[in-house]
Amino acid sequence: MKYRNSWLGSLAVASLLLSGCAAAGAAEPGSGTASESASASESHAAGHPGEHHDAGSAAPATSEGEGPSEAALMVCGTETQDKISISLALSTAPHSVSSWADKLFTCTYHLAEGNFVLSVKESADPASARQYFDSLQSKAGDAAPIKGLANLGFPAYETTGGSVVFLKDNMTLSVDASDLPGAVGPNHVTPTAFAYQISTTILACWTEHP
């Protein structure tokens, strides 16, 4: 399929993505510094599970495990926003809203072409996470395992409709581009290829900052 070529390109820049996560404190055009991002997260700490947040701001990262982990928050974070902006040649960061309910953090980006939805399910342990991952895969009628180097060493599957799902430890990352057109961005990649490209950014950050 056409999107496999894009996957190889994503793998080639994986090391660059890792260094980008490590240098997250550097200011990017249209984004705040690391300290400003931390302040933004703290300002939402009083939120409640299930509350929706607007304009790409982080969901409440509360203590005692009440809110999403830092790893889950990355789907609405600067690295992900920047990758989407670069991939789609956007002049400004994409608008997004997020929610946290039943240990599922969801970030929906409102793109001009349609909604782009990323979510992270935080399970109690890796075994529970595997059960959740397998359940999602069984419910997806057109799911196909991602094999070889393309799965980055993690259990993963794709759908022809535009979704990619990865499992790492107790976290299941789902990236859904099914609402987007058949040719996404200036490079005209498939929705599945676009979902995979964004997934690699997040997984690289998870690997750098477990």
Side-chain angles (χ1 to χ4, degrees), residues 1-11 14 50 52 59 68-69 71-76 80 83-84 87-88 94 96-185 187-207:
M1 295 183 181
K2 294 181 180 179
Y3 52 78
R4 294 191 183 275
N5 293 329
S6 300
W7 291 1
L8 295 177
S10 297
L11 289 169
H52 290 257
S69 66
L73 290 171
M74 286 181 183
V75 299
C76 251
T80 304
K83 180 61 177 179
I84 293 173
S87 298
L88 301 181
S96 65
V97 295
S98 62
S99 64
W100 170 250
D102 194 27
K103 298 296 183 180
L104 180 70
F105 180 64
T106 302
C107 184
T108 301
Y109 290 91
H110 297 146
L111 306 177
E113 299 84 356
N115 289 338
F116 181 49
V117 185
L118 293 80
S119 64
V120 177
K121 176 68 172 183
E122 300 192 55
S123 300
D125 50 55
S128 299
R130 184 63 199 230
Q131 291 179 350
Y132 179 79
F133 173 88
D134 290 344
S135 175
L136 290 181
Q137 185 171 6
S138 66
K139 292 176 182 177
D142 58 347
I146 300 175
K147 300 178 179 180
L149 292 176
N151 67 18
L152 307 180
F154 304 115
Y157 71 86
E158 68 192 17
T159 71
T160 56
S163 296
V164 173
V165 180
F166 280 87
L167 172 65
K168 182 182 185 298
D169 301 326
N170 70 318
M171 297 183 294
T172 304
L173 169 67
S174 301
V175 181
D176 182 2
S178 60
D179 196 38
L180 302 183
V184 181
N187 293 324
H188 305 291
V189 300
T190 67
T192 304
F194 178 60
Y196 180 86
Q197 290 170 4
I198 303 306
S199 297
T200 60
T201 299
I202 298 164
L203 289 166
C205 290
W206 283 3
T207 303

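From a predicted model like this one, the values you see are computed outputs, not experimental measurements.
- Within the 4.5 Å cutoff, the side chain of Ser174 has heavy atoms near those of the Leu136 side chain.
- Here the side chains of Gln197 and Thr201 are not in contact, with every heavy-atom distance at 4.5 Å or above.
- Checking side-chain atoms of Thr80 against main-chain N and O of Cys76 turns up no donor-acceptor pair under 3.5 Å.
- Of all heavy-atom pairs between Ile198 and Ser87, the closest is CD1-OG, 4.3 Å.
- At least one donor-acceptor pair closer than 3.5 Å links the side chain of Asp125 to the backbone N or O of Ala127.
- Ring orientation note: the planes of Phe154 and Phe166 are nearly perpendicular, at an angle over 60° on the 30°/60° scale.
- Taken to the nearest 0.5 Å, the CG atom of Leu203 stands 8.5 Å off from the NZ atom of Lys168.
- How far OG1 of Thr172 is from NZ of Lys103: 14.0 Å, rounded to the nearest 0.5 Å.
- Heavy atoms only, all atoms of each residue included: Phe194 and Ile84 are closest at CZ-CG2, 4.3 Å.
- Asn170 places no side-chain N or O within donor-acceptor distance of the main-chain N or O of Glu122, the cut-off being under 3.5 Å.
- Panel note: side chain Lys121, backbone Asp102; a donor-acceptor pair is recorded below 3.5 Å.
- In this structure, Thr106 contributes its side chain and Ser99 its backbone to no donor-acceptor pair below 3.5 Å.
- Leu73 approaches Pro68 most closely through the heavy-atom pair CD2-CG, 3.7 Å.
- Between the side chain of Ser138 and the backbone N or O of Ser135 there is at least one donor-acceptor pair closer than 3.5 Å.
- With a 4.5 Å cut-off on side-chain heavy atoms, Leu118 and Ile202 count as touching.
- Distance check: Ser123 OG to Asp169 CG gives 11.0 Å after rounding to the nearest 0.5 Å.
- Going from atom SG of Cys107 over to atom CH2 of Trp100 covers 13.5 Å, rounded to the nearest 0.5 Å.
- Between Pro145 and Gln137 the shortest side-chain heavy-atom distance falls below 4.5 Å.
- Taking the ring-ring contact (aromatic ring centres under 6.0 Å, His included) definition, one finds that Tyr132 meets it with nothing, sequence neighbours left out.
- In this structure, OG in Ser128 is found 15.0 Å from CZ in Phe133, a value given to the nearest 0.5 Å.
- Taking both residues in full, the closest heavy atoms of Ala72 and Phe105 are given as O-CD2, 3.3 Å, listed atom of the first, atom of the second, then distance.
- Taking every heavy atom of both residues into account, Ala129 and Leu167 meet most closely at CB-CD1, 3.7 Å.
- Asp176 and Ser163 form a side-chain donor-acceptor contact under 3.5 Å, judged by distance and modelled atom types alone.
- Using a 4.5 Å heavy-atom cutoff, the side chains of Thr207 and Leu152 are not in contact.
- In this structure, the side chains of Trp206 and Val120 come closer than 4.5 Å at one or more pairs of heavy atoms.
- Annotation: side chain of Glu158 is not in contact with side chain of Tyr196 (no heavy-atom distance under 4.5 Å).
- Formation of a donor-acceptor pair under 3.5 Å by the Thr192 side chain with backbone atoms of Thr159 is found in this model.
- Of all heavy-atom pairs spanning Ala177 and Ala195, the tightest one is CB-CB, 4.2 Å.
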